[in-house]
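Computation of the quantities below employed the complete heavy-atom set of this structure, encompassing side-chain atoms and omitting hydrogens, waters and symmetry-equivalent molecules. Source: prediction; values computed, not measured.
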Amino acid sequence: MTAFGRDLGGGATLTLRDLTTVDPVLELVLANLDRLRAAEPWAWGPQTRERSALQTEQLLAQFAMDRALPCVIRQDDRIVGAASLAFDPYLGQASLGYWVDAAAEGRGLVRRAATVLVDVARVRGVARLEIRTAVDNARSRGLAERLGFTHEGTLRRALPLGPERVDVAVHGLLL
């Protein structure tokens, strides 16, 4: 497994998520749980150190198989968010995901991290990159559009968020 890291400017970096990130990521998730539950199905499950460690191990196994690039966004060496690629080599496409601490929003960190990951996908020869987000997630949809993604359609009630299912906007970028 090779390390991954990119300078995002202004004291920010994008680095590979690993076992040293378990506790700081869990702390960040807990601090942002209400916000994350509005967008992420995984946020509805139990948020324990054991679960966070297991999820990190699973992401690292996918990374080792060249199926994912799970990263954390750091500002001045403090983890403030996450961004990742999930690769589907059979279809030649990938999915891009991201989230950031409420206090770090509006600084361009996610945009810079996502731009790096779009470039990684391009270099890998990915033909199509996709962002799926809840229709009501205006910030995420806006970022997708600023990155050059096109809204391709809406999947009705495709995202389970706790007791509800919400519509998903699908944004695609042809590389």
Side-chain angles (χ1 to χ4, degrees), residues 1-18 21 25 28 32 35-36 38-43 55-56 58-102 104-155 158-159 167-175:
M1 210 176 336
T2 59
F4 175 87
R6 297 290 190 278
D7 185 355
L8 300 176
T13 56
L14 182 68
T15 60
L16 184 65
R17 186 170 173 172
D18 62 27
T21 68
V25 168
L28 197 62
N32 288 274
R35 294 175 63 246
L36 291 169
E40 300 288 353
W42 57 261
Q55 181 186 30
T56 301
Q58 290 171 338
L59 290 169
L60 289 171
Q62 292 173 0
F63 173 73
M65 294 184 301
D66 206 26
R67 298 294 300 258
L69 181 56
C71 297
V72 291
I73 302 168
R74 298 175 188 266
Q75 178 65 55
D76 301 321
D77 290 325
R78 187 175 77 78
I79 295 174
V80 296
S84 64
L85 287 172
F87 301 104
D88 184 335
Y90 180 73
L91 297 177
Q93 61 188 37
S95 298
L96 173 62
Y98 42 78
W99 65 271
V100 70
D101 182 44
E105 277 188 345
R107 298 181 188 170
L109 291 169
V110 175
R111 179 187 49 77
R112 294 190 312 249
T115 298
V116 165
L117 294 177
V118 169
D119 290 342
V120 167
R122 185 175 283 115
V123 167
R124 284 184 51 125
V126 170
R128 173 187 164 74
L129 192 54
E130 196 172 86
I131 295 172
R132 293 181 180 214
T133 187
V135 167
D136 292 341
N137 190 338
R139 290 187 77 91
S140 187
R141 294 185 70 184
L143 176 60
E145 292 170 9
R146 286 190 302 281
L147 291 170
F149 284 71
T150 300
H151 178 244
E152 298 178 331
T154 300
L155 304 175
L159 185 64
D167 293 350
V168 173
V170 179
H171 292 82
L173 179 67
L174 302 180
L175 301 176

Could you list the residues that satisfy side chain to side chain donor-acceptor pair (under 3.5 Å) with [X], not counting sequence neighbours?
X	result
Arg132	Glu130
Thr13	none
Arg67	none
Arg107	none

With Arg6 via salt bridge (charged side-chain N to carboxylate O under 4.0 Å, His left out) - residues at least two apart: none
Partner residues of Asp119 under the salt bridge (charged side-chain N to carboxylate O under 4.0 Å, His left out) criterion, sequence neighbours left out: Arg122
Out of curiosity, [X] [atom1] to [Y] [atom2], how far, rounded to the nearest 0.5 Å?
X	Y	atom1	atom2	value
Leu16	Thr21	CG	OG1	8.0 Å
Leu147	Thr115	CG	OG1	5.0 Å
Thr150	Leu174	OG1	CG	7.5 Å
Leu36	Trp99	CG	CH2	5.0 Å
Asp101	Leu28	CG	CG	5.0 Å

Contacts of type side chain to side chain contact (heavy atoms under 4.5 Å, CB included), residue Ala38, not counting sequence neighbours: none
Non-neighbouring partners of Ala102 that pass side chain to side chain contact (heavy atoms under 4.5 Å, CB included), sequence neighbours left out: Asn32, Arg35
ring-ring contact (aromatic ring centres under 6.0 Å, His included) partners of residues 113-149, not counting sequence neighbours, each pair once: none
Glu105, Arg112, Arg111 screened by side-chain contact (heavy atoms from CB on, under 4.5 Å) with Leu109, the one that passes: Arg112
N/O donor-acceptor pairs under 3.5 Å from side chains in residues 79-94, not counting sequence neighbours:
from, atom 1, to, atom 2, distance (Å)
Asp88, OD1, Tyr90, N, 3.1
Asp88, OD1, Leu91, N, 3.2

Shortest non-hydrogen contact from Val126 toward Leu175: O-CB, 3.3 Å
Can I get a per-line list of side-chain donor-acceptor pairs under 3.5 Å for residues 68-78, giving both atom names and the distance, sequence neighbours left out?
from, atom 1, to, atom 2, distance (Å)
Arg74, NE, Thr15, OG1, 2.9
Gln75, NE2, Gly10, O, 2.8

For residues 139-146, dump all side-chain donor-acceptor pairs below 3.5 Å to protein atoms at least two apart in sequence or in another chain.
from, atom 1, to, atom 2, distance (Å)
Ser140, OG, Tyr98, OH, 3.0
Ser140, OG, Thr133, OG1, 3.4
Arg141, NH1, Val135, O, 3.2
Arg146, NH1, Gly142, O, 3.3

